Amino acid sequence: MKIAISSDNHLDVNRVDVAATMEAQAAWLKQQEVVHYFFLGDLFNDFTRTQSYFKELADQLPGVGIHYLAGNHDMIKGVSFAEIEENDDPRYFHRRYLDLGANWRVVGNNGWYNYDFSVYHDQPAEVAKWKRVYWLDSTIDQPISDQAREDLVLGQVASQLTAAKRVGKRVLFLTHFAPRHQALMVRPTKVKGPRMERSFQMIRALMGADQLGDLLEASGVVQTAYYGHLHGLHPTFTHGGVTYVNPAVGVNKKRMNEWQRPTFIHNWREYPHFDKWGMNRLLKAR
């Protein structure tokens, strides 16, 4: 059994031909005999467009499981907080799981952040103020604080992992936001002076939460965690017995190019890699 995992395609920001991209993705997934395709969030800056895209992709690939999470960009428009948490789209993978063979379970949760990665983690009012002025997430419908939202995530994931452990499953965990600060890039050399340092730390605050990584590692059932949100080159690493993988494509704009290949579809198809080892060897080995 072969699965494929990608994240942060940002089709609108990347200004790709959406119809041609869908056709190319469908053709490649079919050619590779992928059984399940998982997307970790940030397809469009509009949840309704993201939802429609995956419905159409699924229509082109009968027999292939299509599953997606919502990233912060998807949440900007076309969806409420309640709809993000409870949604009847069968392809939406937040708070859901899929068993693959007798031993494996894929578990999904959008995730969030709680400022844990920043030196300002103990000044939530300051970070929230900066976020309202400078960060696109300020437009997302959210009736609770970022800390409360991350606590909600942790409770949901704890329940998901407990359920997997109860039935003897090993887990591949999928989320959008970074579960470990070790995934973040090192401080760029251009960050100099107190003003730039403050902005750098504010951005770090909105990247994820170490508490999620703590939970995954303490569970004893998670082997690999896939996450998005962070663009550019973020090498795979292992911490606390869990391997963390970032399959984000990122964006290519005039002032910033995060791609590792010249075209979008080459980045999606070749870098980061698709998980071809996936269930093929693991299910046969156990």
Side-chain angles (χ1 to χ4, degrees), residues 7-8 10 39-43 45 47 68-76 79-81 84-85 93-95 107-158 160-161 173-187 191 197-218 222 225-232 234 237 239-240 242 244-248 250-251:
S7 187
D8 295 76
H10 292 284
F39 185 76
L40 309 187
D42 281 4
L43 192 70
N45 288 3
F47 186 82
Y68 69 96
L69 295 173
N72 53 318
H73 280 257
D74 303 297
M75 300 178 194
I76 290 172
V79 67
S80 67
F81 178 82
I84 283 293
E85 288 302 312
F93 206 58
H94 176 55
R95 300 175 62 188
V107 172
N109 193 289
N110 294 335
W112 201 246
Y113 46 76
N114 62 2
Y115 315 161
D116 185 40
F117 293 167
S118 171
V119 298
Y120 293 107
H121 63 89
D122 58 351
Q123 300 178 52
E126 285 298 306
V127 179
K129 181 180 178 181
W130 186 92
K131 175 184 170 181
R132 285 193 298 271
V133 176
Y134 296 107
W135 206 246
L136 58 83
D137 292 10
S138 62
T139 63
I140 295 172
D141 179 46
Q142 183 173 306
I144 57 178
S145 70
D146 291 324
Q147 289 72 26
R149 188 166 194 169
E150 179 62 24
D151 286 344
L152 180 65
V153 166
L154 295 174
Q156 293 166 349
V157 174
Q160 290 173 297
L161 298 183
F173 182 76
L174 311 182
T175 190
H176 180 71
F177 298 89
R180 274 283 169 221
H181 76 272
Q182 288 88 346
L184 274 62
M185 67 174 67
V186 297
R187 177 184 279 95
V191 176
E197 176 64 22
R198 177 179 170 83
S199 294
F200 175 71
Q201 290 294 336
M202 290 297 179
I203 292 170
R204 284 177 64 96
L206 310 178
M207 294 297 102
D210 273 325
Q211 284 89 341
L212 179 56
D214 292 342
L215 182 60
L216 302 180
E217 293 165 18
V222 178
Y226 293 85
Y227 67 95
H229 198 44
L230 309 181
H231 300 174
H234 294 271
F237 67 96
H239 187 280
V242 174
Y244 296 89
V245 184
N246 179 293
V251 300

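Remember, predicted model here, so these are calculated numbers, not experimental data. Position 1 is the first residue of the sequence, and the numbers go up from there. Only this structure's heavy atoms are used, side chains among them; waters, hydrogens and symmetry mates stay out.
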CG (D116) and CE (M207) are apart, to the nearest 0.5 Å, by 13.0 Å

Q. For Y134, does the OH atom have more than 12 heavy-atom neighbours from other residues, nucleotides or ligands under 6.0 Å away?
A. no

In terms of heavy-atom contacts, K131 and S138 come closest through O-CB, 3.6 Å

For residues Q156 and Q160, is any side-chain donor paired with an opposing acceptor at under 3.5 Å?
no

Here the gap from E197 atom CD to M202 atom CE, rounded to the nearest 0.5 Å, amounts to 10.5 Å

Between the NZ atom in K129 and the CZ atom in R132, the distance rounded to the nearest 0.5 Å is 8.0 Å

Of N110, L212, L40, the one forming a side chain to side chain contact (heavy atoms under 4.5 Å, CB included) with T175 is L212

Next item on the list: Would you please test R180 and F237 for side chain to side chain contact (heavy atoms under 4.5 Å, CB included) and show each step?
Entry: CA-CA 10 Å; R180 274 283 169 221; F237 67 96; 3.8 Å; yes

Quiz item: Looking at Y120, is R204 sitting on its ring face, NZ or CZ under 6.0 Å from the six-membered ring centre and within 45 degrees of the normal?
Solution: no

* Asked: Taking the six-membered ring for Trp, are Y113 and H229 parallel (under 30°), tilted (30 to 60°) or perpendicular (over 60°)?
  -> parallel

What I'd like to find out is whether the side chain of H239 reaches to under 4.5 Å of the side chain of H181, using heavy atoms alone. no

Show your working on side chain to side chain contact (heavy atoms under 4.5 Å, CB included) between V107 and V157 and close with a plain yes or no. CA-CA 9 Å; V107 172; V157 174; 5.9 Å; no

Subject >> Min side-chain heavy-atom separation D141-V79 under 4.5 Å >> reply: no

For Y227 and N246, the nearest pair of non-hydrogen atoms, with its separation, is CE1-ND2, 3.1 Å

### Query
Under 4.5 Å between any side-chain heavy atoms of F81 and R149, yes or no?
yes

Exercise for the section: Go through the steps for F117 and L184 under the test side chain to side chain contact (heavy atoms under 4.5 Å, CB included), then give the verdict. Expected result: CA-CA 9 Å; F117 293 167; L184 274 62; 3.6 Å; yes

| query | Are the side chains of F47 and I84 in touch, meaning some heavy atoms are under 4.5 Å apart? | reply | yes

Interatomic distance, CD@Q201 vs CD@E126, rounded to 0.5 Å, equals 13.5 Å

- prompt: So, do W135 and I140 sit near enough that their side-chain heavy atoms are less than 4.5 Å apart?
  reply: no

| request: Answer with yes or no whether the side chains of N72 and H176 bring together a donor and an acceptor at under 3.5 Å. | output: yes

What one should report as the nearest heavy-atom pair of R95 and E85 is NH1-O, 3.3 Å

Original post:
Can you find a pair of side-chain heavy atoms, one from Y115 and one from L206, that are under 4.5 Å apart?
Top reply: yes

Closest non-hydrogen atoms of L230 and A178, given as atom of the first, atom of the second and distance, are CD1-CB, 4.0 Å

Rounded to the nearest 0.5 Å, the CH2 atom of W130 sits from the CD atom of Q123 at a distance of 14.5 Å

Hey, can you tell me if H231 and H10 have their rings parallel, tilted or perpendicular (30° and 60° cut-offs)?
perpendicular

Looking only at heavy atoms, the pair that brings P124 and H121 closest together is CD-O, 4.1 Å

**Prompt:** Under the side chain to side chain contact (heavy atoms under 4.5 Å, CB included) criterion, do D210 and Q182 qualify, and how do the steps go?
**Reply:** CA-CA 9 Å; D210 273 325; Q182 288 88 346; 4.1 Å; yes

Does any non-hydrogen side-chain atom of L161 lie less than 4.5 Å from one of V222? yes

_Between N114 (side chain only) and D151 (backbone N and O only), is there a donor and an acceptor less than 3.5 Å apart?_
no

Exercise for review: Using distance alone, with no hydrogens and no angle criterion, decide if N45 and H73 have a side-chain donor and acceptor under 3.5 Å apart.
Suggested key: yes

dist F39:CZ -> Y226:OH (nearest 0.5 Å) comes out at 15.5 Å

On a heavy-atom basis, the closest approach of G41 and S7 is O-OG, 3.6 Å

Hits for salt bridge (Lys or Arg N to Asp or Glu O under 4.0 Å) against D137, two or more places apart or cross-chain, chain-then-number order -> none

